[in-house]
Amino acid sequence: MVVYAKSKPIEDLKTHTQNLLTELDNLRSKYKSEIEEKIPERFKNNFWDLLELVVKYHDLGKIHTCFQNAIRKELKEQLLAVPKDIEEVPHNLLSPAFIKDVVRDMEEDVKRVIYQVIAYHHDKEREIIIIKRDWNKIVTVIKNDLQNNLNKLKDMESLNIKIPEKLTPGYSKMLEPRISREDGEIYILYLILKGLLHRLDHSASAHLPVEENRIKNTEDFVFSYLKNKNISENEIWQKEAIHLRDKNLVLVASTGIGKTEFALTWLGDNKGFYTLPVRTSVNAMYERIKKTLATENIGLLHSDSYFYSLEMNDNKKIGFDNSNKEGFLQSIHIAELSRQLSMPLTVSTADQLFTAALKYKGYEK
């Protein structure tokens, strides 16, 4: 029997998990060294194994009968029989029941990271964990529902996912207290694993790549753009940025001096975000950077970016067979990629990114 992961579009659990693993490979192929630079030395050797582990196990709690029935109801399929005294509980709090054997030999603080990354990948329901009677609902579901559904996960073994014979509900102590900045390098591991799981999950669910290709040789495009503005080779002071790419910079200069071209040269082929305070200036900069780098592969991110992209597409009347369908779909695609932070360079209002500093739910992404 099929185990559903999503209803829109319809997708089974194995396919959804495989899509995450595919995007994990995409992420690793494009930004492996940059990510590993941020990983504490203690975890460098097994970081990718840990990320693969949370990807594989984060959604196994979806075999919960109530979760499956919620999707089946949408699909107008026959509902499954719900065991007596079983209430619906969040699947993310059920998934850690599957990992006891695979984390058995890990250090205790690393185990805690894995449990919390999986349990909190939807960033809610904390009160269920800290209120004993609510946690007892989790235990009941694991013992009387999930345990009886393990045979439904047989096909997951082809993804090298080990399904235990007996589930373990006694992991609430691993979920509290929440990992925080005070935990030092453990917090950094948690932050990056959870943030990347969010990105992989959201991208796979949207059927979009987690990362688009880098923009190579940005300086060539920038210098060509400047020369087309009748600026001579000797006047291109932005060349200095190439030698400063390993440093953080503050550049103070008047309007029109060429700070943007300096910034693009400094960025090189790294992933970047260009933030401005208001939408109109973001839109103008978005169009300018596309021209400068001679690419449409630039993200646009603000509260009205969907509408702006569609409006610009309509103005250009892009399409084929005298229709605008292709251009319309491309605008939607670029807007979705921007939302998933998949573009190599994204022009954004500051509010779209800087709220992460306030640790709002999901900030790790």
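Keep in mind it's a predicted model, so treat the numbers as computed, not measured.
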Short question: side chain of [X], backbone of [Y] - any donor-acceptor pair under 3.5 Å?
| X | Y | value |
| --- | --- | --- |
| Arg214 | Pro344 | no |
| Asn148 | Asn144 | yes |
| Lys259 | Ala253 | yes |

Mind jotting down which residue pairs meet the salt bridge (Lys or Arg N to Asp or Glu O under 4.0 Å) criterion with at least one end in residues 46-71? Sequence neighbours excluded, please.
Glu52-Lys56, Asp59-Lys62
Any pair counted as salt bridge (Lys or Arg N to Asp or Glu O under 4.0 Å), so long as it reaches residues 15-33, sequence neighbours left out:
Asp25-Arg28, Lys32-Glu36
Set out, in order, the CA-CA distance, both residues' side-chain angles and the distance that settles ring-ring contact (aromatic ring centres under 6.0 Å, His included) for His91 and His121, then state yes or no.
CA-CA 10 Å; His91 75 271; His121 76 267; 5.5 Å; yes
Nearest 0.5 Å, please: how far is [atom2] in [Y] from [atom1] in [X]?
| X | Y | atom1 | atom2 | result |
| --- | --- | --- | --- | --- |
| Leu208 | His333 | CG | NE2 | 6.0 Å |
| Leu167 | Glu165 | CG | CD | 11.0 Å |
| Thr218 | Ile289 | OG1 | CD1 | 11.0 Å |
| Thr292 | Tyr225 | OG1 | OH | 4.0 Å |
| Lys73 | Cys66 | NZ | SG | 12.0 Å |
| Met285 | Thr260 | CE | OG1 | 3.5 Å |

Lys/Arg-Asp/Glu bridge criterion (N-O < 4.0 Å) met for Arg112, Asp109
no
Does the distance from a Lys or Arg side-chain N to an Asp or Glu carboxylate O, for Lys291 and Glu296, drop under 4.0 Å?
no
Worked verdict on Lys229 versus Glu235 for salt bridge (Lys or Arg N to Asp or Glu O under 4.0 Å):
CA-CA 11 Å; Lys229 296 283 187 180; Glu235 293 177 304; over 6 Å; no
Assess whether side chain to side chain contact (heavy atoms under 4.5 Å, CB included) is satisfied between Arg178 and Glu176, documenting all intermediate values.
CA-CA 5 Å; Arg178 286 289 294 269; Glu176 285 292 327; 4.0 Å; yes
Could you check if a side-chain atom of [X] sits within less than 4.5 angstrom of a side-chain atom of [Y], using non-hydrogen atoms only?
| X | Y | value |
| --- | --- | --- |
| His122 | Pro90 | no |
| Gln116 | Met174 | no |
| Leu153 | Ile161 | no |
| Leu94 | Phe67 | no |
| Thr349 | Leu301 | no |
| Gln238 | Leu226 | yes |
| Phe47 | Ile192 | yes |
| Phe43 | Val110 | yes |

Test side chain to side chain donor-acceptor pair (under 3.5 Å) on Thr15 and Asp12 and set out the steps.
CA-CA 6 Å; Thr15 301; Asp12 65 81; 2.8 Å; yes
Give every donor-acceptor pair under 3.5 Å between a side-chain atom in residues 261-273 and any protein atom, sequence neighbours left out.
from   : atom 1 : to     : atom 2 : distance (Å)
Glu261 : OE1    : Arg288 : NH2    : 3.1
Glu261 : OE2    : Arg288 : NE     : 3.4
Glu261 : OE2    : Arg288 : NH2    : 2.8
Thr265 : OG1    : Glu261 : O      : 2.8
Trp266 : NE1    : Leu244 : O      : 3.1
Trp266 : NE1    : Lys247 : O      : 3.2
Asn270 : ND2    : Leu267 : O      : 3.1
Lys271 : NZ     : Glu211 : OE1    : 2.8
Lys271 : NZ     : Glu211 : OE2    : 3.3
Lys271 : NZ     : Leu341 : O      : 2.7
Lys271 : NZ     : Met343 : O      : 2.9

Show which residues join Val250 in its hydrophobic cluster (side-chain heavy-atom contacts under 4.5 Å, direct or indirect), or state none.
Val252
Can you list every side chain to side chain donor-acceptor pair (under 3.5 Å) pair that touches residues 153-162, not counting sequence neighbours?
Lys14-Ser158
Does Glu233 form a salt bridge (Lys or Arg N to Asp or Glu O under 4.0 Å) with Lys239? I'd like the steps, not just the answer.
CA-CA 10 Å; Glu233 184 82 27; Lys239 291 178 182 179; 2.5 Å; yes
Asn45 atom CG: more than 12 heavy-atom contacts under 6.0 Å:
no
Heavy atoms only: give me the nearest [X]-[Y] pair and the separation to one decimal.
| X | Y | value |
| --- | --- | --- |
| Tyr286 | Val347 | CA-CG2, 4.0 Å |
| Leu80 | Asn69 | N-OD1, 2.7 Å |
| Ala119 | Pro96 | CB-CG, 3.9 Å |
| His302 | Val282 | CD2-CG1, 3.8 Å |

Donor + acceptor pair across side chains of Asn149, Asp145 (<3.5 Å):
yes
Quiz question: by atom type and distance under 3.5 Å, do the side chains of Ser232 and Asn234 form a donor-acceptor pair?
no
Checking side chain to side chain donor-acceptor pair (under 3.5 Å) for the pair His202/Lys365: CA distance, chi angles, key distance, verdict?
CA-CA 10 Å; His202 297 168; Lys365 178 178 179 178; 2.8 Å; yes
How are the rings of Tyr115 and Tyr171 set relative to one another: parallel (under 30°), tilted (30 to 60°) or perpendicular (over 60°)?
parallel
Report yes or no: is the cationic atom of Arg72 (NZ for Lys, CZ for Arg) closer than 6.0 Å to the six-membered ring centre of Tyr4, at no more than 45° off its axis?
no
Step by step, would you call Ser342 with Ser203 a side chain to side chain contact (heavy atoms under 4.5 Å, CB included)?
CA-CA 8 Å; Ser342 300; Ser203 296; 4.2 Å; yes
Which atom pairs, donor and acceptor, lie under 3.5 Å between side-chain atoms of residues 181-189 and protein residues at least two apart or in another chain?
from   : atom 1 : to     : atom 2 : distance (Å)
Glu182 : OE1    : Ser180 : OG     : 2.9
Asp183 : OD2    : Ser180 : N      : 2.9
Glu185 : OE2    : Arg42  : NH1    : 3.0
Tyr187 : OH     : Tyr363 : OH     : 3.1

Identify whether Leu159 and Leu50 are in the same connected component of the hydrophobic contact network (ILVMFWY, side-chain heavy atoms under 4.5 Å).
yes
Applying side chain to side chain contact (heavy atoms under 4.5 Å, CB included), run through Tyr274 and Thr346 and close with a yes or a no.
CA-CA 6 Å; Tyr274 195 117; Thr346 300; over 6 Å; no
Starting from the C-alpha separation in whole Å, work towards a yes-or-no answer on side chain to side chain contact (heavy atoms under 4.5 Å, CB included) for Ile142 and Phe98.
CA-CA 10 Å; Ile142 292 171; Phe98 293 83; over 6 Å; no
